[in-house]
Number of protein chains: 2
Amino acid sequence: MNSRRSGPPTAGKPAAPPASPWKASSERQRDRELKREAVIRVAAREFNRKGYHNTSLDDIAARLEVTKPTVYYYVTSKEQLLFECFVAGVERIRAAFQDVRRQELPARERLTAVLHRYGEAVASEFGWAMVRAEDQDLSPTMSRHIKALKSEIDQGIRRLIREGMQDGSIHPCDPKLTAFALAGALNWIAHWYREDQSLSGSEITSAFVALFETGLSPRAGVPARASARARLTRRPRRAGGGLLR
Amino acid sequence: MNSRRSGPPTAGKPAAPPASPWKASSERQRDRELKREAVIRVAAREFNRKGYHNTSLDDIAARLEVTKPTVYYYVTSKEQLLFECFVAGVERIRAAFQDVRRQELPARERLTAVLHRYGEAVASEFGWAMVRAEDQDLSPTMSRHIKALKSEIDQGIRRLIREGMQDGSIHPCDPKLTAFALAGALNWIAHWYREDQSLSGSEITSAFVALFETGLSPRAGVPARASARARLTRRPRRAGGGLLR
DNA sequence: TAGGATACTTACCCATCAGTATGATTAGAC
DNA sequence: GTCTAATCATACTGATGGGTAAGTATCCTA
């Protein structure tokens, strides 16, 4: 539509890499990059608080104590802003897969390691963009990119599940539906979690993973896990939340 | 803000119950109610397809082959439309709790029965409104009502979990976090499920509930469940989906 | 068959907001 | 000191879309 929007999304690279004459002093370029990241971070927080459509670029600019054109100096469109927020979150999850690939562990343990990082990412400021952003708000190009990234993560989880079934560390199940259930429970954190909560994203994920590993049915000779028990007595400070949302 | 918005939301009652003179012939009133429900159902489907903010009331009107003011004849605002969609979905879940209350069963079985209906509701046309609607799009009054309904459901699930721990049918765990995990996995269905999928909402929920009960870790002497095994061989027709979303 | 309620349309208003044209200011290179 | 690019602000445009005013057609009652 707009000539700016042609080609693959930027996602990190400075808008105009001064490829030539006097290579703008590198500290200046670093400054620019820092500011750009600040814009994206603030945008993520505002989207998280008020939703994409209820957040105007004037709002974001005001939070940064600048004006709207300044925001556009670092970002080409509101859409791109959303995209960058998404990427920032997803990169953390991809990194988790990378880290785990090098480890020699039963697949179930590698899976739980990934899920842990996954949950932390979803509970971060970028969780909203990763989870709640609607792809109808994005151009077809951006939408495709996002779907590809999501699919990559999905496939990664399914693969770990399959490997777990092979090495015997995971109970036989349908990898696809199981991946959906796991990811769903974790993604949902972005719907209800607020940073002022008594539990951290990591703690929540621990509890979830424990639940998924053990299951609801009582197991012979398996007593209550200490971690779960502890949480039973330590009352969270805020009741808040609710089920849906 | 608007004088219309004062008082509790309507949620079903005809806008102007002709309290008096010649009691508008009851078939006419029934007609009106049917049309009103059609408006809400169509709105739910459009919200589901394109999101709340990307759906204009002209769109909805066009789907109904009428004009925008006609929609306003049955509904006072776009916001109320969203609210009604939400209520329509939640009522199904509340009904599930009612039904199960009369039954003499171990709490875990009552819980899974509720979760089943829950999953079906989320996979229905009203799933989007129940799960993805953002309360920033609603007036404080509406938002409060919705939060109350959500909380009621949440508490209902937690109670079943506690009862299950007491009667021994559920492994000791933190009721709050467990409820979040269960509901999260099911809610997430609304993010990725489309009606043209190879699995029905009911089938998906069955698989999820089975997973919740059994857990990922292998159980001594428990072979793969037949239902899960079956799905492993029967390839779904559409890969689609993806993890997040 | 008049009169009022019901059901629906045409044509409009107007607030919001993404995005831009243009110009001012500052900082570094020479 | 001058010149140029980088950085930011002022002030606008244009489109979208929620909501309404006012009028038309239809139906039902009496």
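Chain A is the first sequence line, chain B the second, and so forth, proteins listed ahead of strands; every chain is numbered from 1.
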Rounded interatomic separation in angstrom, taking [atom1] from [X] and [atom2] from [N]:
{"X": "A:D58", "N": "D:dA11", "atom1": "CG", "atom2": "P", "answer": "14 Å"}
{"X": "B:D31", "N": "D:dC27", "atom1": "CG", "atom2": "C1'", "answer": "12 Å"}
{"X": "B:N54", "N": "D:dT16", "atom1": "CG", "atom2": "C1'", "answer": "11 Å"}
{"X": "A:L81", "N": "C:dG19", "atom1": "CG", "atom2": "C1'", "answer": "14 Å"}
{"X": "B:Y52", "N": "D:dG17", "atom1": "OH", "atom2": "P", "answer": "13 Å"}
{"X": "B:H53", "N": "C:dT16", "atom1": "NE2", "atom2": "P", "answer": "15 Å"}
{"X": "B:Q80", "N": "D:dG18", "atom1": "CD", "atom2": "P", "answer": "15 Å"}
{"X": "B:Y72", "N": "C:dA11", "atom1": "OH", "atom2": "P", "answer": "19 Å"}

Starting the side chain at C-beta, find the nucleotide from [options] nearest to [X].
{"X": "B:R32", "options": "C:dA7, C:dG19, D:dT7", "answer": "C:dA7"}
{"X": "B:Y73", "options": "D:dT7, C:dA18, C:dT6", "answer": "C:dT6"}
{"X": "A:S56", "options": "C:dA18, D:dG19, C:dT10", "answer": "C:dA18"}
{"X": "A:P69", "options": "C:dT10, D:dT10, C:dA18", "answer": "D:dT10"}
{"X": "B:T70", "options": "D:dC8, C:dG19, C:dC8", "answer": "C:dC8"}
{"X": "A:K35", "options": "D:dT7, D:dT20, C:dT6", "answer": "D:dT7"}

**Prompt:** Can you find an N or O donor on one side and an acceptor on the other, under 3.5 Å apart, linking the side chain of B:K68 with the base of D:dG17?
**Reply:**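 Per atom types, no contact qualifies.
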**Item:** 4.5 Å side-chain heavy-atom contact, A:N187 and A:Y118
**Value:**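 Touching, per the 4.5 Å side-chain cut-off.
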**Asked** Out of curiosity, B:Y74 OH to B:L81 CG, how far, rounded to the nearest 0.5 Å?
**Response**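 CG of B:L81 is found 13.5 Å from OH of B:Y74.
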Using a strict threshold of under 4.0 Å (side-chain N to carboxylate O), is an ion pair present between [Y] and [X]?
{"X": "B:R158", "Y": "B:D154", "result": "yes"}
{"X": "B:E152", "Y": "B:R94", "result": "yes"}
{"X": "A:E46", "Y": "A:R49", "result": "yes"}

**Prompt:** Does A:Y74 place a side-chain N or O at less than 4.0 Å from the phosphate oxygens OP1/OP2 of D:dC8?
**Reply:**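 A:Y74 to D:dC8 OP1/OP2: side-chain N or O found under 4.0 Å.
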